[in-house]
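Comments concern the structure below.
Both counts, for ligands and for their atoms, begin at 1 and track the order of listing.
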Amino acid sequence: MYSVKRGGRHGHQAYEPGLEIIANRQLHADLRHALERHQLHVVYQPQWNPPDGELTGYEALLRWEHPLYGPVPPAVFIPIAEQSGLIGIFGEFVLRAACTTAMQWPPGVRTTVNVSPLQLVENKLLAEVCAALTASGLPAGRLELEITESKPAVDSEGALITLHQLKKLGVRIALDDFGTGTASLDMMHRFSFDRMKIDSRFVAGLPEDTRGHAIVGSLISLAHKLGAQVTAEGVERMEQAFSLMELGCDEMQGYLFGHPDAQTSVL
Ligand code: C2E
Ligand code: MG
Ligand code: MG
Ligand code: MG
């Protein structure tokens with residue numbers, strides 16, 4: 001954020017909102033109508049188990065095509081959706097789209113859907129997941145929800161209860177961006193995640209980055225000791241994939257295996 005300074009009439013500096021602030025306000029206003037104006041769609045990025053050469057799933061990622069600005073990154077509009085109370089509606093949209101689309105894939109292939117911590121504390125998630133599974137006919141075991149630990153609120157009692165209920169239903173729960181948040185160890189202590197997704201920042205420098213190598217190796221062994229599988233995010237190069245395989249990583253996701261925006265329909 002910045003401000004544009006203009007000279008005042010009496011030599012004072014008057015502050016006017018900068019362009020970024022105006023653009024941000026515009027995005028807030030426009031996002032409100034994005035769904036009904038069909039500007040939102042879901043793309044899917046494949047997840048692989050390289051030793052077996054097996055496609056295991058697709059992560060659903062939300063996209064916003066702004067009529068004026070073109071594609072707006074989720075890193076920009078998801079926080080706006082969270083601030084303006086739209087994330088619940090968007091989350092339900094992605095959930096329904098992902099479950100319906102996953103019905104076209106082979107039976108062993110799952111879909112993973114990102115869930116905002118706000119959806120978890122909102123209390124409607126369980127009913128929405130049930131409705132999306134029923135409407136699509138997708139078995140609960142083929143749906144995985146990704147909870148990011150980089151935001152607070154996940155460790156509230158209400159959120160934990162919802163996570164337990166979802167697990168009981170047969171839905172799998174993954175901890176996204178593993179290693180980047182402050183609550184990771186605490187959350188892993190309190191909840192039995194089915195999967196940890198190691199954040200791309202630790203994968204980026206493999207295999208040369210010895211510190212990254214040590215961290216990734218330790219995270220994989222920690223996850224396995226807790227009975228969770230591991231997916232590495234942001235795998236872009238062959239050497240990274242080999243290094244991860246050596247370290248016992250179960251699954252990989254990244255441009256090396258498939259770009260989410262390269263395809264809107266899969267298989
Ligand atoms: P995420 O859940 O960690 O998703 C992975 C991100 O890494 C995606 O960014 C994906 O496009 C990107 N990516 C995948 N492979 C590579 C690679 O090899 N290299 C690099 N540099 N990047 C790679 P994207 O689609 O921009 O999404 C960013 C974040 O926005 C997501 O991170 C997720 O936290 C959030 N997000 C996206 N869709 C949704 C959604 O439907 N609901 C919620 N609550 N959050 C979403
Ligand atoms: Mg994710
Ligand atoms: Mg994330
Ligand atoms: Mg992630």
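- Taking the Mg ion (ligand 2) as reference, the nearest N/O/S atom within Glu146 carries the name OE1.
- Between Arg110 and Glu251 there is a salt bridge, since at least one side-chain N of the basic residue sits less than 4.0 Å from a carboxylate O of the acidic one.
- Look at Asp199 and the Mg ion (ligand 4): no N/O/S atom of the residue is under 2.8 Å from the metal.
- Taking the ring centroids of Trp105 and Tyr44, they lie under the 6.0 Å cut-off.
- Summarising the geometry of Asp177 relative to Thr180, their closest heavy-atom pair is O-OG1, 2.7 Å, with the distance given to 0.1 Å.
- Residue contact annotation: Gly234 has a non-hydrogen atom under 4.0 Å from ligand 1.
- Among residues two or more places apart in sequence or in another chain, the side-chain contact (heavy atoms from CB on, under 4.5 Å) test is passed with Glu122 by Lys124.
- Heavy-atom proximity to Asp177, at under 4.0 Å, picks out these atoms of ligand 1: 3 (O).
- With distances taken over non-hydrogen atoms, the option nearest atom 40 (C) of ligand 1 out of Thr180, Thr148, Asn114 is Asn114.
- Under the 6.0 Å cut-off for aromatic ring centres, Phe191 and His164 qualify, their centroids lying closer than that.
- Using a 4.0 Å cut-off between charged nitrogen and carboxylate oxygen, Asp261 and Arg63 count as a salt-bridge pair.
- For ligand 1, the atoms lying closer than 4.0 Å to a non-hydrogen atom of Val235 are 18 (O).
- Atom OE2 is the N, O or S atom of Glu59 at the shortest distance from the Mg ion (ligand 2).
- Asp30 has no carboxylate O lying under 4.0 Å from a charged side-chain N of Arg37, or vice versa, which leaves the two without a salt bridge.
- Take the N/O/S atoms of Glu233: the one nearest the Mg ion (ligand 4) is OE2.
- Heavy atoms from other residues, nucleotides or ligands lying under 6.0 Å from CZ of Phe242 number 12 at most.
- A donor-acceptor pair is defined here as one N or O able to donate and one able to accept, closer than 3.5 Å; such a pair exists between the side chain of Gln240 and the backbone of Ala204.
- Residue Pro260 approaches ligand 1 through these ligand atoms, each under 4.0 Å from one of its heavy atoms: 11 (O).
- For Val94, the heavy-atom gap to ligand 1 drops under 4.0 angstrom.
- When you scan the N, O or S atoms of Asp176 for the one nearest the Mg ion (ligand 2), you land on OD2.
- Side chain of Thr56 to main chain of Gln47: a donor-acceptor pair is present (N/O by atom type, distance under 3.5 Å, no hydrogens or angles).
- Contact atoms of ligand 1 toward Gln45: 14 (C), 15 (N) (distance under 4.0 Å to a heavy atom of the residue).
- With contacts defined as side-chain heavy-atom distances shorter than 4.5 Å, the pair Val230/Val216 does not qualify.
- Only side-chain heavy atoms of Glu233 come within less than 4.0 Å of ligand 1; its backbone N, CA, C and O stay farther off.
- Using a 4.0 Å cut-off between heavy atoms, Ile78 contacts ligand 1 through its side chain alone, with no backbone atom that close.
- Within the 2.8 Å limit, Asp177 places no N, O or S atom next to the Mg ion (ligand 2).
- Which parts of ligand 1 touch Glu236 is read off a 4.0 Å heavy-atom cut-off, strictly below it: atoms 17 (C), 18 (O), 19 (N), 20 (C), 21 (N).
- Of the N or O atoms in Val115, none lie within a sub-3.5 Å distance of an N or O in ligand 1.
- Neither the backbone nor the side chain of Val43 has a heavy atom within less than 4.0 Å of ligand 1.
- Assignment of His259 to the shell around ligand 1 is not supported, since no heavy atom sits closer than 4.0 Å.
- When each of Leu62, Val129, Leu145, Leu61 is tested with Val113 by the rule side-chain contact (heavy atoms from CB on, under 4.5 Å), just one qualifies, namely Leu145.
- In terms of the side chain to side chain donor-acceptor pair (under 3.5 Å) criterion, residue partners of Thr231 (sequence neighbours excluded) are, by chain and number, Arg195.
- Note on ligand 1: Glu59 sits in its first shell, one or more heavy atoms being nearer than 4.0 Å.
- Metal site remark for the Mg ion (ligand 2): Asn114 contributes an N, O or S atom at a distance under 2.8 Å.
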